[in-house]
Amino acid sequence: VSVSRIRNFSIIAHIDHGKSTLADRLLQVTGTVEQRQMKEQFLDNMDLERERGITIKLQAARMNYQAQDGETYVLNLIDTPGHVDFSYEVSRSLVACEGALLVVDASQGVEAQTLANVYLALENDLEIIPVLNKIDLPGAEPERVIEEIEEVIGLDCSNAILASAKAGKGIDEILESIVRLIPPPQDTVDEPLRALIFDSYYDTYRGVIVYFRVVDGKVRKGDRVRLMISKKEYDIDELGVLSPNQIQLDELHAGEVGYFAAAIKAVEDARVGDTITLARQPAEEPLPGYTEAKPMVFCGLFPIDSDQYKDLRDALEKLKLSDAALSYEPETSSAMGFGFRCGFLGLLHMEIVQERLEREYNLDLIVTAPSVIYRVTTTVGEVFEIDNPNQLPPPGNRESIEEPYVRVEILTPEAYVGTLMELCQTRRGIFQDMKYFTPTRTNLIYEIPLAEMVTDFFDRMKSRSRGYASMEYHLLGYRQDNLVKLDLLVNGDPVDSLSTIVHRDKAYPVGRALTEKLKELIPRHQFKIPIQAAIGSKIIASEHIPALRKDVLAKCYGGDISRKKKLLQKQAKGKKRMKSIGTVDVPQEAFMAVLKLD
Ligand code: GDP
Ligand code: MG
């Protein structure tokens, strides 16, 4: 096809505003996917999606559309991940487009992810077409929401489309607008090849499947290509487009979107954001803006049963093939034994990986509380980073500790401003700004230590605002503060995997709250168990768990034997998620206790 008849676009939306439904509808109306095929293919992953509040990507889809001007256009829909953890991938996907549909639920209005994604799209100079979705709902107020978009985002909505992805309303108008308003790619077919990797996945048989957009030049099956950042070279075995099933072709040129396979062993070797060029005739410069996705949140993963250590290692190795952002290295804990310290882009990423390890690899894991990377300067001027509180040098050997800060933007109805400001304040937030847009949209801006964010901030913001507030954050940099390591002792023994780094001002309340929480979470044993919090050798809080008064089986005396058996089975099941620390059985929840304090 001629470049002038290609349109590359993505759909940006806050979770649940109808991105997937609209994408499905576009595929259907353009005849790309038949209705029958549709159900099986695209609605599959809905459960996980709903549970997690994320949108699972369809990656990319090429549609043929005959417009009212009589011409047939190729529309490439490039999907973006819908969560802040993956904002780097969002911007890569957007770089591969010239325009975006901004989908806003007409009964809800602008949310934090709407805002963040629009800013990314504007930064990339994309043509934005506002789509007011769900106008079939009785509560839909498209006019109000249009005002809100103009007010909050400052986006001209004169060409906004009123639509219902569910009822199939406004779909033709959307397709026409894509053709009319979104500019075609530039025609740079004669320049040396440069193609941007915007996504990839690992296929057991063909190796990594790379999704890319050709920016300049052309690429053919059989070409030897070079990845300009990783400096690796591969021969393209298979090349094609996504329709959305893979359809093989011999050549793709500037402006087109497709996939290739080249027996690449791990997604790490073909990272999102890298530039592909021809080995025999390379471009001079890679496409701009490559940065590595860096893990921000760390936790320890330990098998409950130490026999599963090797299985855990194998599972992480396999997951890593398809997830370049995941990092892991062996960790030995005196309390937990052998496990791994794993790094993630954010909390959601962490949960997804944990869940996959348990669901797909059948592992029973104990997960320690999430932590961030601290930067430590020692008294002899050495600077290094730690991702585990236990790597902190003793107080006498360290000069300073710095921690990462993020800028958080919360969009909330005015009614919750007070309680959310209080939340930010208790998380050591520094107030920056408050912008009042409409009664339902106030923008609160804070700078908050990332460590305070990874401990359950999102859930608390949701519950304090009854689900109405939404947020986005990005990393600002490192700042020094008065931080100390808080240790927990169970039955007199320090439990390294319960140690955390906290601000000195919070050490006492956190120490008290933690010991109380552990008292609640650790079951009674035959003996009394002291629980203590300490900074260095100084005990700052203590509790104890009283000994069991009588045997749990005592109440079964005289009862029938099957009831007794049932009770024992129940106990055994409850024990599954326990780790023995010395003679004390500690449940999984205890290692996350620091998340459940206030
Ligand atoms: P996503 O998270 O942005 O991908 O949103 P989905 O496409 O998964 O849609 C979220 C929910 O809104 C689903 O239950 C859809 O059925 C529903 N939905 C999507 N579009 C419409 C619409 O136009 N009208 C109504 N009433 N519901 C819709
Ligand atoms: Mg979706």
Side-chain angles (χ1 to χ4, degrees), residues 9-30 32-33 35 38-61 63 77-87 89-90 93-94 97 100-118 120-121 128-146 148-149 153 160-175 177 199 244 348 351-352 411 458 462 467-472:
F9 71 103
S10 48
I11 306 178
I12 52 183
H14 191 77
I15 172 77
D16 268 355
H17 283 201
K19 179 169 107 167
S20 303
T21 312
L22 178 60
D24 285 353
R25 193 65 69 221
L26 294 176
L27 293 180
Q28 193 189 334
V29 168
T30 54
T32 312
V33 184
Q35 189 131 26
M38 189 98 164
K39 280 223 173 57
E40 306 159 20
Q41 265 195 303
F42 299 107
L43 305 178
D44 247 351
N45 292 316
M46 285 307 249
D47 282 351
L48 187 67
E49 209 172 302
R50 261 318 118 252
E51 266 170 47
R52 292 280 163 211
I54 49 167
T55 282
I56 295 195
K57 297 184 295 176
L58 74 104
Q59 270 127 354
M63 302 172 257
L77 165 58
I78 296 171
D79 204 5
T80 57
H83 193 274
V84 44
D85 282 5
F86 305 102
S87 63
E89 287 177 29
V90 176
S93 312
L94 293 176
C97 303
L101 300 177
L102 168 66
V103 173
V104 182
D105 183 330
S107 68
Q108 301 283 331
V110 174
E111 301 286 353
Q113 280 165 34
T114 320
L115 214 56
N117 288 329
V118 169
L120 287 175
I128 297 175
I129 304 172
V131 174
L132 281 293
N133 191 32
K134 307 199 189 183
I135 53 157
D136 59 296
L137 287 179
E141 300 176 273
E143 296 311 321
R144 176 185 72 76
V145 173
I146 282 181
E148 198 172 277
I149 297 174
I153 305 175
I161 300 165
L162 304 191
S164 166
K166 195 169 182 177
K169 279 204 194 106
I171 307 302
D172 290 331
E173 234 181 305
I174 292 172
L175 289 164
S177 295
D199 208 346
L348 177 78
E351 280 177 41
I352 293 173
L411 263 191
F458 182 78
K462 279 290 180 197
Y468 285 112
S470 54
M471 61 166 267
E472 275 291 328

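Both counts, for ligands and for their atoms, begin at 1 and track the order of listing. Side-chain atoms are counted along with the backbone in the values below, which use heavy atoms only and exclude waters and symmetry mates. This one's a predicted model, so the numbers in the text were calculated from it and none came from an experiment.
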Report the part of D16 in contact with ligand 1, treating N, CA, C, O as backbone and CB onward as side chain, heavy atoms under 4.0 Å; options are side chain, backbone, both, neither.
->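 Both the backbone and the side chain of D16 come within reach of ligand 1.
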Indicate, as side chain, backbone, both or neither, the part of K134 found under 4.0 angstrom from ligand 1 when only non-hydrogen atoms are considered.
->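 The part of K134 near ligand 1 is both the backbone and the side chain.
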Ligand-side contact atoms (ligand 1) for residue partner [X], heavy atom cut-off under 4.0 Å:
X: S164; result: 22 (C), 23 (O), 24 (N)
X: N133; result: 20 (N), 21 (C), 23 (O)
X: K19; result: 1 (P), 3 (O), 4 (O), 5 (O), 7 (O)
X: L137; result: 26 (N)

Taking all heavy atoms of [X] and all of [Y], pick out the closest pair and write down the distance.
X: A112; Y: L411; value: N-CD1, 3.8 Å
X: I128; Y: L102; value: CG2-CB, 3.7 Å
X: A163; Y: V131; value: CB-CG1, 3.8 Å

Just wondering, do T114 and I12 contact through their side chains at under 4.5 Å, heavy atoms?
->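 With C-beta onward as the side chain, the pair stays apart.
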L94 and S10, any side-chain heavy atoms less than 4.5 Å apart |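 The answer is yes; the side chains approach within 4.5 Å.
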Less than 3.5 Å between some nitrogen or oxygen of A13 and one of ligand 1, yes or no?
->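 Between A13 and ligand 1, no N or O pair is found under 3.5 Å apart.
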Does any N/O atom on G18 come nearer than 3.5 Å to any N/O atom on ligand 1?
->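 Yes, there is a polar N/O contact under 3.5 Å.
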Backbone of A165 reached by a side-chain donor or acceptor of N133 within 3.5 Å |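 The answer is yes, because a donor-acceptor pair under 3.5 Å joins these two groups.
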